[in-house]
There are 2 protein chains.
Amino acid sequence: MTSDRDALFRILADPTRRKILDLLAEQGPLTVGELAAEFPQLVTSGISKHLMSLRGASLVSATRRGREQIYQLEPDVMAAALKPWLAKYERYWSTALARLRDLAEERGTEAGQTSPRNARRRRRK
Amino acid sequence: MTSDRDALFRILADPTRRKILDLLAEQGPLTVGELAAEFPQLVTSGISKHLMSLRGASLVSATRRGREQIYQLEPDVMAAALKPWLAKYERYWSTALARLRDLAEERGTEAGQTSPRNARRRRRK
DNA sequence: AGTAAGCATTACTGTATGGTAATGCATCGG
DNA sequence: CCGATGCATTACCATACAGTAATGCTTACT
């Protein structure tokens, strides 16, 4: 019952897992050893566990080459889970940036309502 | 030392908090009571705790009106933390969508290398 | 004044999970 | 063949944290 998106966000919550994904996104496929080298404070079995959970969520895939495992980013699941969710916020972000720019430029242009004009909810007694 | 982004992803990991943010994004400002009504399985003090942590991360802000607290989405922090991070993946997403479309259209156009052409790393023995 | 509504705070509990150490299992080099 | 490398798996531990119940503080109503 726990949705795909729930699982994704739980996985992304851990900084180590996010960094693994970031490395794979920036550098392309990497072996476990190469990945582990980026986390000197962690033992390799820890990395392995993270990689297993990433594989379990289909965020990465692995192919063997001899005794090495080459991990690779698998972007589809993340895109599918994240894009619709992001859509709810992106419109706020543009206005947020505009607002920041406005603040930087001048003070006192308090023309209201950047947020969705949402007529429902009038509960002022 | 734990970065802004770490904090954000930890917060987003909880489905209740994500739903709170979603509601505020979709419906505009809401009171605690209105929010709590969306979570029948939770007691209100639980909602309140979540709202406190959201406020602590500056993802929402609250204004009093009488004895009600009206919570409102505060998009800036989220945008600032998420947009640079998303940039690493978005280019994969377009190709991912293209790949999905390709798969839907036909089978066997296995022209390789959608991923970043990353010349470094040549370790084929 | 007294009661209730709306929300925050605190203390407590159970569970999930990140980390480690130990072990196992292929694969590679000599 | 034998030790070493590369990685996965297991069992174990400690901590973080979501949820609840209890309490308190304002504001509103009568």
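All chains are named by letter (A, B, ...) in the order of the sequence lines, taking the proteins before the strands, and each is independently numbered beginning at 1.
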- [ ] State the CD1-NZ distance between B/Ile47 and B/Lys19, to the nearest 0.5 angstrom.
- [x] 9.0 Å
Task: Integer-rounded Å distance: D/dC7 C1' and A/Leu30 CG - done: 15 Å
Task: All side-chain contact (heavy atoms from CB on, under 4.5 Å) counterparts of B/Thr44, not counting sequence neighbours - done: B/Ala36
Open item on the list: Tell me the bend of the helix from C/dA1-D/dT30 to C/dG30-D/dC1 as the angle between end helix axes, each from five pairs, rounded to the nearest 10 degrees.
Closed with: 20°
Task: Heavy-atom closest pair, residues A/Tyr89 and B/Arg18 - done: OH-O, 4.0 Å
Task: Close side-chain approach of A/Met78 and B/Tyr92, heavy atoms under 4.5 Å - done: no
TODO: Starting from C1' on D/dA18, measure out to CD1 on B/Ile20 and report it in whole angstrom.
DONE: 12 Å
Open item on the list: For B/Ile11 versus B/Ala57, what's the shortest heavy-atom pair and its separation?
Closed with: CD1-CB, 3.4 Å
- [ ] State which residues pass salt bridge (Lys or Arg N to Asp or Glu O under 4.0 Å) with B/Lys88; sequence neighbours excluded, sorted by chain then number.
- [x] A/Asp22, A/Glu26
Open item on the list: Check the phosphate of C/dT17 against A/His50, side-chain N and O only, distance under 4.0 Å to OP1 or OP2. Yes or no?
Closed with: no
Open item on the list: Rounded to whole Å, please give me the gap between CZ in B/Arg10 and P in D/dA16.
Closed with: 10 Å
Task: CZ-CG distance between A/Arg5 and B/Leu12, expressed to the nearest 0.5 angstrom - done: 11.5 Å
Open item on the list: I need the CZ-C1' distance between B/Phe39 and D/dG19, as an integer number of Å.
Closed with: 14 Å
TODO: Among residues two or more places apart or on two chains, list those pairs meeting side-chain hydrogen bond (donor to acceptor under 3.5 Å, both in side chains) that have a residue in residues 48-63 of chain B.
DONE: B/Arg17-B/His50, B/Ser61-B/Glu74
Task: Side-chain donor/acceptor of A/Gln27 to backbone N/O of A/Leu24, under 3.5 Å - done: no
Task: Protein-nucleotide distance (A/Leu35, atom CG; D/dC7, atom C1'), rounded to Å - done: 12 Å
TODO: Flag the pair B/Thr31 / B/Tyr71 as yes when at least one side-chain heavy-atom distance between them is below 4.5 Å, and no otherwise.
DONE: no
- [ ] Pull out every residue in residues 51-62 of chain B that has a heavy atom closer than 4.0 Å to any atom of DNA chain D, ordered by number, or say none.
- [x] none
Open item on the list: Taking only side-chain N and O atoms of B/Gln69, does any of them lie within less than 4.0 angstrom of OP1 or OP2 on C/dG6?
Closed with: no
- [ ] Could you tell me whether B/Ile47 contacts a base, only the sugar-phosphate backbone, or nothing, with contacts defined as non-hydrogen atoms closer than 4.0 Å?
- [x] nothing
Would you tabulate the nitrogen or oxygen pairs shorter than 3.5 Å linking the protein to nucleotides 21-27 of chain C?
unit_1: C/dA21; atom_1: N6; unit_2: A/Ser45; atom_2: OG; d: 3.2

Open item on the list: With a 3.5 Å distance limit and no angle check, can you tell me whether B/Arg64 reaches the backbone of B/Gln69 through a side-chain donor-acceptor pair?
Closed with: no
TODO: Could you tell me the separation between the CG atom of B/Leu54 and the CG atom of B/Asp14, rounded to the nearest 0.5 Å?
DONE: 9.0 Å
Open item on the list: If the cut-off is 4.0 Å, is A/Tyr71 near the phosphate of D/dG6, judged by side-chain N/O to OP1 or OP2?
Closed with: no
Task: Protein-nucleotide distance (B/Leu42, atom CG; C/dA8, atom P), rounded to Å - done: 15 Å
Open item on the list: Could you tell me how far apart B/Phe9 (CZ) and C/dT17 (C1') are, to the nearest whole angstrom?
Closed with: 19 Å
TODO: In whole angstrom, give the distance that lies between atom CG of A/Asp14 and atom P of D/dT15.
DONE: 17 Å
